[in-house]
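Below you'll find the structure, written out as C-alpha cells, and then a few comments.
Along the sequence shown, residues carry numbers from 1. Start at 1 and go down the list; that is how both ligands and their atoms are numbered.
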Amino acid sequence: MSVALASQLREGTKKAHTMAENTGFVSCFLKGVVDKASYRTLVADLWYVYSAMEEEIGRLADHAVVGQINFAALNRRETLEQDLAFYFGADWRHQIKATPGAQAYVARIHRIAKEAPELLVGHHYTRYIGDLSGGQILKNIAQKAMNLGEHDGLRFYEFAAIPDEKGFKTNYRAVLDNLPIDQTMADRIVAEANEAFHCNMKMFQELEGNLVAAIGKVLFGFLTRRQRAGSTEVVAA
Ligand code: HEM
C-alpha cells in the first residue's frame, strides 16, 4: 500500500516551517545579521546531527523503508567537516562540543532508529529537503554577512552530486509517495517531522542567546566609545 506522504509532509509541517523561519536566529540570519561565533556553533551542532542521521540511515540501508531514502548524494557530513576545518582549524574535532539542544536532537535520532526506524523519514525530509530548498538563498546570505569567498565555510550548502536540485526533489517526493507504509505510519512520520522542526528550533533558540550577547557586546563597545569620545570633548572644551 502507498500513501501521498510527500504532500502530507509539506502540509503537515507548514506551521512548523513558519515558526522555524520566525525564530530570532533565523530571522536575523535572513536579514544578514550573522555572528561568526554563533554560526560556527551551528555548523558544529549540524555536524553532530548529520553524523547521527547518516550513521543510522547507512546502517539501515537494507531496511524496506529507510533504505529507499538512503541517497549518498545528499550526505552532508563531509561538507560539514570541510567547513569545520575552515572555522575552527585542522584541530576542529577537539574544539567542538554539541550544545544541549543538539545533544537531545542526536539522542532522539538514535532512539527512533532503534525503536521505529521508519520515523527517520521525517528527520531526513526535514533537514535534507530543507537544505535543498533554502540552500542557495542561505549560502548567499552567509557569504555576504561573513565576508567569505566562493566556497570556504560554505561547503554545507553545495550539493556537488546533485546538479538538478528541482529534479532531485521531484524524484524524492515520488519515492516518499511509494514507500511501503500505511496511513497510520504516514501520520507518525509527519508527527516526527514536526518533532525534527522542533529540535531545530531548540538549537536556533540556544544560538539566539549567543547572538544577543554578541550584539550586546558590539552595542556596549559602541556606547562606551561614544561616551569616551564625549568625555574627551568635555575635557577639550
Ligand atoms: C532560513 C529560513 C528559511 C528559508 C528562507 C526557507 C526557504 C524555503 C523555500 C523557499 C522552500 C520552498 C521550496 C520549494 O517549493 O521547492 C522551503 C521548503 C522547505 N523547507 Fe525551508 N526555509 C527556511 C528554513 C527552514 C528550516 C529551518 C527548515 C528545517 C529545519 C526548513 C525545511 C524545509 C522543508 C522540509 C521544505 C520542503 C517543503 C516541501 O515539502 O515542499 N526550512 N524552504
Exercise. Would you say the side-chain atoms of Asn200 and Tyr105 include a donor-acceptor pair closer than 3.5 Å?
Worked result: yes
Exercise. At a 4.0 Å cut-off, with the gap strictly under it, does some heavy atom of Phe204 reach an atom of ligand 1?
Worked result: yes
For this session: Please report which non-hydrogen protein atom sits nearest to atom 28 (C) of ligand 1, along with the residue it belongs to and the distance in Å to one decimal place.
Result: Phe197 CE2, 3.6 Å
For this session: Report the nearest protein non-hydrogen atom to atom 40 (O) of ligand 1: residue, atom name, distance rounded to 0.1 Å.
Result: Tyr125 OH, 2.5 Å
Seminar exercise, completed: atom 16 (O) of ligand 1 sits nearest the protein heavy atom Lys169 NZ, 2.7 Å
Problem set entry | Over 12 non-hydrogen atoms of neighbours within 6.0 angstrom of CG in Asp62 | no
For this session: Could you tell me whether Arg127 and Asp131 have a side-chain N and a carboxylate O separated by less than 4.0 Å?
Result: yes
Exercise. Nearest protein heavy atom to atom 5 (C) of ligand 1, by residue and atom, and its distance?
Worked result: Leu30 CD2, 3.9 Å
For this session: Starting from atom 15 (O) of ligand 1, find the nearest protein heavy-atom neighbour and note its residue, name and distance.
Result: Arg10 NH2, 4.0 Å
Seminar exercise, completed: Per-atom filter on ligand 1: closer than 4.0 angstrom to a heavy atom of Ile129 are 37 (C)
Exercise. Glu158: what forms a salt bridge (charged side-chain N to carboxylate O under 4.0 Å, His left out) with it, not counting sequence neighbours?
Worked result: Lys139, Arg155
For this session: Measure the shortest side-chain to side-chain distance between Leu74 and Leu132 over non-hydrogen atoms and say whether it is less than 4.5 angstrom.
Result: yes
Exercise. Should the heavy atoms of other residues, nucleotides or ligands under 6.0 Å from CE of Met201 be counted, would the total exceed 12?
Worked result: yes
Problem set entry | Minimum-distance protein heavy atom relative to atom 2 (C) of ligand 1 | Val26 CG1, 3.4 Å
Problem set entry | Cationic tip of Arg40 above Phe88 ring, under 6.0 Å, 45° of axis | yes
Exercise. Of the protein's non-hydrogen atoms, which lies at the shortest distance from atom 41 (O) of ligand 1, and what is that distance?
Worked result: Arg173 NH2, 2.5 Å
Exercise. If we only count N/O pairs under 3.5 Å, is Thr126 in contact with ligand 1?
Worked result: no
For this session: Examine distances only and state if a side-chain atom of Ser38 and a backbone atom of Val34 form a donor-acceptor pair shorter than 3.5 Å.
Result: no
Exercise. Hey, is CD on Gln136 packed in by over 12 heavy atoms from elsewhere, all under 6.0 Å?
Worked result: yes
For this session: Please determine which of Val121, Leu119, Ile181, Ile112 meets the side-chain contact (heavy atoms from CB on, under 4.5 Å) test together with Arg188.
Result: Leu119
Problem set entry | Glu81 bridged to Arg77 by N-O distance under 4.0 Å | yes
Exercise. By residue and atom, what protein N/O/S atoms are less than 2.8 Å from atom 21 (Fe) of ligand 1?
Worked result: His17 NE2
Exercise. Numbering the atoms of ligand 1 from 1, which are under 4.0 Å from a heavy atom of Leu138?
Worked result: 1 (C)
Problem set entry | Axial cation check for Phe159 ring with Arg76, 6.0 Å and 45° limits | yes
Exercise. Does some non-hydrogen atom of the protein lie less than 4.0 angstrom from atom 11 (C) of ligand 1?
Worked result: yes
